[in-house]
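Here is how names work: the chains are called A, B, and so on, in the same order as the sequence lines, proteins then strands, and each is numbered from 1. Quick caveat, the model's predicted, so the values are computed rather than measured.
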Amino acid sequence: MLSEAERRFRTNLLEWWQENRREYPWRESNRTLYEVFVAEFFLTQTPADNVAAVYPRFLERFPTLDSISEANENELVEVIEPLGFQNMRSAALKQIASTHDHLPAEPELLMELPRVGRYVANATLCFARGDQLPILDRNVERVYSRVFRDAWPETEADQLSYTERLVPGDARAYNLALLDFGAIVCGPDPLCGACFANEYCVYFQSLQE
DNA sequence: AAAACGGGGCG
DNA sequence: CGCCCAGTTTT
């Protein structure tokens, strides 16, 4: 059961997103599971614009897992280098490619891969396939902990359960909207003056004392 | 110098 | 689960 505020937030967020969505190469339609995975794998702790600058080159040189397993690791490191974490990342990709000829399409199986946690697994499957999975990173946490402050749980496991209830049938649109909202409006220094949630956001209400 | 960050690893 | 680590960028 969703609260009134939760239902309104969900509806308002999707409406807002129709006019405010950000475009990135990995969001284009018909991206494969592998292509979306590569993007999400690089997007952890790395600004989207940096990933966007390297992404086409990476996919051209490494269009499949198989092409990674055949490449030498130095070349992999070179292509990833502008993003940082190049050693950890190429070692992980090498290991994944050496043990898989295709990526598993279930979150628990994706999470068995090195350097793939809950965020990358759920984001990959939701954005590539539309799977109805919640995504939870620090941006999403910041948004929910403001808007639903009193109800928002403390621990990561409880937060994941909480977000699971909110994800609608069009999970892809909802989760992308949540990320864009956290980046554009509800960032570390929030633009409450431009926000649709002022009538029910607990954080905004607390500012009005 | 210190905080932020998603994942890994430990007890 | 709670805590701390490695690696990197941002403040």
Side-chain angles (χ1 to χ4, degrees), chain A residues 22 24 26-27 33-55 57-58 65 68 73-100 103-129 131 133-147 149 151-164 166-167 171-172 174-191 203:
Chain A
R22 298 180 298 176
Y24 288 111
W26 49 88
R27 292 186 178 185
L33 187 62
Y34 170 76
E35 289 167 342
V36 175
F37 172 79
V38 165
E40 295 304 332
F41 186 78
F42 288 149
L43 282 166
T44 61
Q45 283 142 298
T46 305
D49 289 346
N50 296 6
V51 177
V54 169
Y55 190 68
R57 193 183 328 148
F58 184 93
L65 279 180
I68 293 178
E73 188 159 340
N74 291 340
E75 191 181 359
L76 198 53
V77 171
E78 280 174 29
V79 178
I80 297 175
E81 182 148 22
L83 304 179
F85 300 99
Q86 60 276 149
N87 294 320
M88 280 188 340
R89 280 165 162 164
S90 18
L93 287 175
K94 261 293 185 189
Q95 192 180 328
I96 293 168
S98 72
T99 51
H100 296 74
L103 293 168
E106 289 186 50
E108 309 305 328
L109 296 178
L110 273 179
M111 285 174 65
E112 292 176 9
L113 307 180
R115 311 305 309 178
V116 179
R118 176 63 66 187
Y119 174 80
V120 170
N122 282 15
T124 298
L125 292 174
C126 177
F127 298 148
R129 296 156 39 92
D131 291 1
L133 297 165
I135 54 163
L136 183 57
D137 67 1
R138 291 306 206 261
N139 300 291
V140 173
E141 188 196 353
R142 185 182 56 247
V143 170
Y144 283 142
S145 69
R146 283 181 181 145
V147 179
R149 192 174 65 194
W152 183 241
E154 296 281 337
T155 72
E156 195 187 325
D158 290 342
Q159 290 171 356
L160 204 62
S161 312
Y162 188 100
T163 63
E164 211 164 2
L166 298 176
V167 179
R172 186 174 190 276
Y174 178 79
N175 283 329
L176 289 174
L178 201 49
L179 291 178
D180 289 350
F181 177 67
I184 296 169
V185 177
C186 198
D189 191 9
L191 308 176
Y203 173 80

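Within 4.0 Å (heavy atoms only), A:Asp137 reaches sugar-phosphate atoms of the nucleic acid but no base atom. At a threshold of 4.0 angstrom between heavy atoms, the contacts of A:Glu154 with the nucleic acid are absent. Nucleic acid contact class of A:Leu113 (heavy atoms, under 4.0 Å, all strands): sugar-phosphate only. The residue A:Arg138 sits close only to the backbone: its heavy atoms come under 4.0 Å of sugar-phosphate atoms, none of a base. Residue contacts shown for A:Thr46 are absent, as no nucleic acid heavy atom lies under 4.0 Å away.
Distance CZ (A:Phe41) to C1' (C:dG7): 14 Å, rounded to an integer number of Å. Atom CZ of A:Arg115 and atom P of C:dA6 are 13 Å apart (whole Å).
Distance check: A:Leu125 CG to A:Leu110 CG gives 5.0 Å after rounding to the nearest 0.5 Å.
At the phosphate of C:dT10, neither OP1 nor OP2 sits under 4.0 Å from any side-chain N or O atom of A:Gln45.
In this structure, A:Arg57 contributes its side chain and A:Val79 its backbone to no donor-acceptor pair below 3.5 Å. Side-chain atoms of A:Asp180 come within 3.5 Å of backbone N or O of A:Arg22 as a donor-acceptor pair.
By the neighbour-count criterion of 12 heavy atoms within 6.0 Å, atom CD of A:Glu156 is sparsely surrounded, having that number or fewer from other residues, nucleotides or ligands.
For A:Phe85, the listed nucleotide lying nearest its side chain is C:dG7; candidates were C:dG7, C:dC1, C:dT10.
In the 5' to 3' direction, nucleotides of DNA chain B lying under 4.0 Å from heavy atoms of chain A begin and end at B:dC5 to B:dG8.
Annotation: side chain of A:Arg115 is not in contact with side chain of A:Thr44 (no heavy-atom distance under 4.5 Å).
The pair A:Arg146-A:Glu141 does not meet the salt-bridge criterion, since no charged nitrogen lies less than 4.0 angstrom from a carboxylate oxygen.
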